[in-house]
2 protein chains.
Amino acid sequence: MTAQMMVNTAGARAYTGSLGGMAEAAEPLRAAGTVIRFAQGCEIFAEGDDSDVFYKVLSGVVRVCKFLSDGRRQIEAFHIAGDIFGMDLGDARGLSAETVSECTLVCYRRRQVDMLAAKDEAVTRHLLHFAMENLAHARGHCLLLGRRSAAEKLAVFLLEWADRSTEPAIVHLAMTRQDIADYLGLTIETVSRTFSQFERDGLIALVGTREVHLKKMAALEHVAAR
Amino acid sequence: MTAQMMVNTAGARAYTGSLGGMAEAAEPLRAAGTVIRFAQGCEIFAEGDDSDVFYKVLSGVVRVCKFLSDGRRQIEAFHIAGDIFGMDLGDARGLSAETVSECTLVCYRRRQVDMLAAKDEAVTRHLLHFAMENLAHARGHCLLLGRRSAAEKLAVFLLEWADRSTEPAIVHLAMTRQDIADYLGLTIETVSRTFSQFERDGLIALVGTREVHLKKMAALEHVAAR
DNA sequence: CGCTTAATTGATCAGGGTCAATCGTGGTGG
DNA sequence: CCACCACGATTGACCCTGATCAATTAAGCG
């Protein structure tokens with residue numbers, strides 16, 4: 001019903017080597033990574049796969065999601081530059097990850113990181129921090145999914161991206177309406193209708209389908225009930 | 001609308017001392033804990049509080065939840081014996097915790113644990129493991145909240161508790177219908193109606209309001225679409 | 001035994017889903 | 001350069017699940 005065809009083109013080409021000039025504080029992981037590029041719409045890994053590596057986003061947008069057996073999809077999060085994803089409990093993936101846009105990632109082998117961690121307690125602490133960040137987000141997302149209306153959900157979504165955007169009043173959406181719907185626990189039609197309603201109310205302006213101008217931040221925050 | 005009056009009776013009495021004979025593998029935290037008892041319906045901590053301690057459940061049931069400004073509530077999880085909860089990013093609580101029943105908890109001071117962790121990398125690793133468990137659960141919960149029907153939600157809920165129960169076909173519910181509703185993103189009425197429907201269909205038998213006998217596990221699993 | 005609070009049940013309503021048609025838009029090829 | 005195509009997005013009509021409002025019923029508990 002809500003499932004999405006996976007194009008899965010693109011052989012991901014791996015460039016073994018260091019991380020390059022990415023600004024990322026004093027990070028002891030730097031040595032253990034491999035940079036990989038993925039085209040848009042690629043599956044990075046799927047639920048049940050071996051989880052022997054995890055990733056950090058350098059550029060692009062990644063979605064991590066879970067599926068029900070009949071194809072219903074829930075997107076847990078979108079990850080952008082700087083985010084770490086793909087840490088898992090045990091050996092098997094608890095969710096799947098796909099590229100929303102063309103992406104550059106760093107891939108870390110768990111074995112190597114474990115070895116690093118055994119020597120350097122700060123590495124484990126660093127991972128704990130990212131796990132906690134993901135956890136905090138997931139909890140906020142539960143509240144959104146369980147207790148917010150469609151309009152509230154979309155307002156929260158737009159403000160989340162405004163926070164991540166360089167120009168806070170302009171949001172570039174890397175994802176389709178279907179992605180947004182599956183992130184917010186709605187249908188594509190409801191997302192579209194709510195966008196239109198926001199535009200009619202003068203809260204936003206849609207420039208094409210992928211760019212949103214937030215005209216009344218305060219009003220949006222009010223709708224979002226923050 | 002869905003908010004719940006907090007009784008908050010019970011002065012929690014603290015017994016400083018070791019953890020006692022609780023079976024809990026080789027856990028280096030043992031030394032750093034303080035045992036505390038809480039009565040039913042107590043607030044353990046609230047969103048925004050200082051998060052200088054975290055807890056482990058020895059007995060009883062704890063709910064952790066988030067609120068919207070208008071009182072709507074989402075319960076993220078119920079914690080039972082063995083679960084660790086109350087680890088937070090930063091200094092402020094991201095959610096609140098309350099006792100569903102009378103509870104015995106162990107309380108760990110973060111400062112002390114940090115000192116332990118600095119010496120013993122296994123402590124941080126242990127905490128990471130619990131964060132990841134919580135994360136895995138939160139993700140599953142997002143899927144449930146965003147993409148499942150009322151009947152599916154309740155079936156999943158019952159099977160979750162069956163898994164945790166000693167006698168897998170008998171589930172004792174420590175919480176009210178309101179708690180269940182706020183956990184599943186439903187209303188109390190829908191929870192009640194769905195229970196009744198399950199009973200009419202012969203899937204369960206309700207003994208009083210707090211005990212559920214699962215008569216047809218296979219059928220329940222089918223409803224839950226697992 | 002009566003009081004209070006929780007749970008069930010019924011009637012009605014509405015938010016959002018479903019189904020279907022139409023509109024854009026960007027890419028392709030004549 | 002433009003016509004056509006394909007796919008994503010929008011819009012409309014209608015429906016259904018679950019929410020709301022309200023009235024009973026059951027269950028603890030002093």
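Numbered from 1 within each chain, the chains take letters A, B, ... in sequence-line order. A quick note: this is a predicted structure, and the numbers were derived from the prediction, not measured.
Aromatic rings of F54(B) and F85(B) (six-membered ring for Trp) have centroids beyond the 6.0 Å cut-off, not under it. Taking the six-membered ring for Trp and the full ring otherwise, Y55(A) and H79(A) have centroids separated by 6.0 Å or more.
Going from atom CD of Q197(A) over to atom P of dG15(C) covers 12 Å, rounded to whole Å. Straight-line distance from the CD atom of E211(A) to the P atom of dG26(C): 13 Å, rounded to whole Å. Atom CG of L154(B) and atom P of dT8(C) are 11 Å apart (whole Å). The distance from atom CZ of R72(B) to atom P of dG15(C) is 13 Å, rounded to the nearest whole Å. For the pair Q40(A) CD and dG26(C) C1', the computed distance is 13 Å after rounding to whole Å. Atom CG of L173(B) is separated from atom P of dA27(D) by 15 Å (rounded to the nearest Å). In this structure, CD of E152(A) is placed 12 Å from P of dG15(C), rounded to the nearest angstrom. Following rounding to the nearest Å, K153(B) (NZ) and dG18(D) (C1') show an atom-to-atom distance of 9 Å.
In this structure, CD in E76(B) is found 8.5 Å from CG in L145(B), a value given to the nearest 0.5 Å. Within the model, atoms CG of L58(A) and CZ of R37(A) stand 9.5 Å from one another, a figure rounded to the nearest 0.5 Å.
Residues passing the salt bridge (charged side-chain N to carboxylate O under 4.0 Å, His left out) test with E199(B): none are found, sequence neighbours excluded. The side-chain hydrogen bond (donor to acceptor under 3.5 Å, both in side chains) test applied to H222(A) returns no partner, not counting sequence neighbours. Judged as a salt bridge (charged side-chain N to carboxylate O under 4.0 Å, His left out), and not counting sequence neighbours, the contacts of R93(B) are D88(B).
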Table of protein N/O atoms under 3.5 Å from nucleotides 9-15 of chain D N/O atoms:
residue: dA9(D); atom: OP1; partner: R177(A); partner atom: N; Å: 3.3
residue: dA9(D); atom: OP2; partner: R177(A); partner atom: N; Å: 3.2
residue: dT10(D); atom: OP1; partner: R177(A); partner atom: NH2; Å: 3.1
residue: dT10(D); atom: OP2; partner: R177(A); partner atom: NE; Å: 2.8
residue: dT10(D); atom: OP2; partner: S192(A); partner atom: OG; Å: 2.7
residue: dT10(D); atom: O5'; partner: S192(A); partner atom: OG; Å: 2.9
residue: dT11(D); atom: OP2; partner: S196(A); partner atom: OG; Å: 2.3
residue: dG12(D); atom: N7; partner: R193(A); partner atom: NH1; Å: 2.9
residue: dG12(D); atom: O6; partner: R193(A); partner atom: NH2; Å: 3.4
residue: dA13(D); atom: N6; partner: R193(A); partner atom: NH2; Å: 3.4

Considering only distance and modelled atom types, tabulate donor-acceptor pairs under 3.5 Å from the side chains of residues 161-172 of chain A, sequence neighbours left out.
residue: R164(A); atom: NH1; partner: F78(A); partner atom: O; Å: 3.3
residue: R164(A); atom: NH2; partner: F78(A); partner atom: O; Å: 2.9
residue: S165(A); atom: OG; partner: E167(A); partner atom: N; Å: 3.3
residue: S165(A); atom: OG; partner: E167(A); partner atom: O; Å: 2.9
residue: S165(A); atom: OG; partner: I170(A); partner atom: O; Å: 2.9

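Phosphate proximity of dA19(D) to T187(B): present, with a side-chain N or O under 4.0 Å from OP1 or OP2.
With a 6.0 Å cutoff to the six-membered ring centre and a 45° limit on the axis angle, R177(A) counts as a cation-pi contact of F195(A).
Helix bend of the helix from dC1(C)-dG30(D) to dG30(C)-dC1(D): the angle between its two end axes, each built from five pairs, comes to 30° after rounding to 10°.
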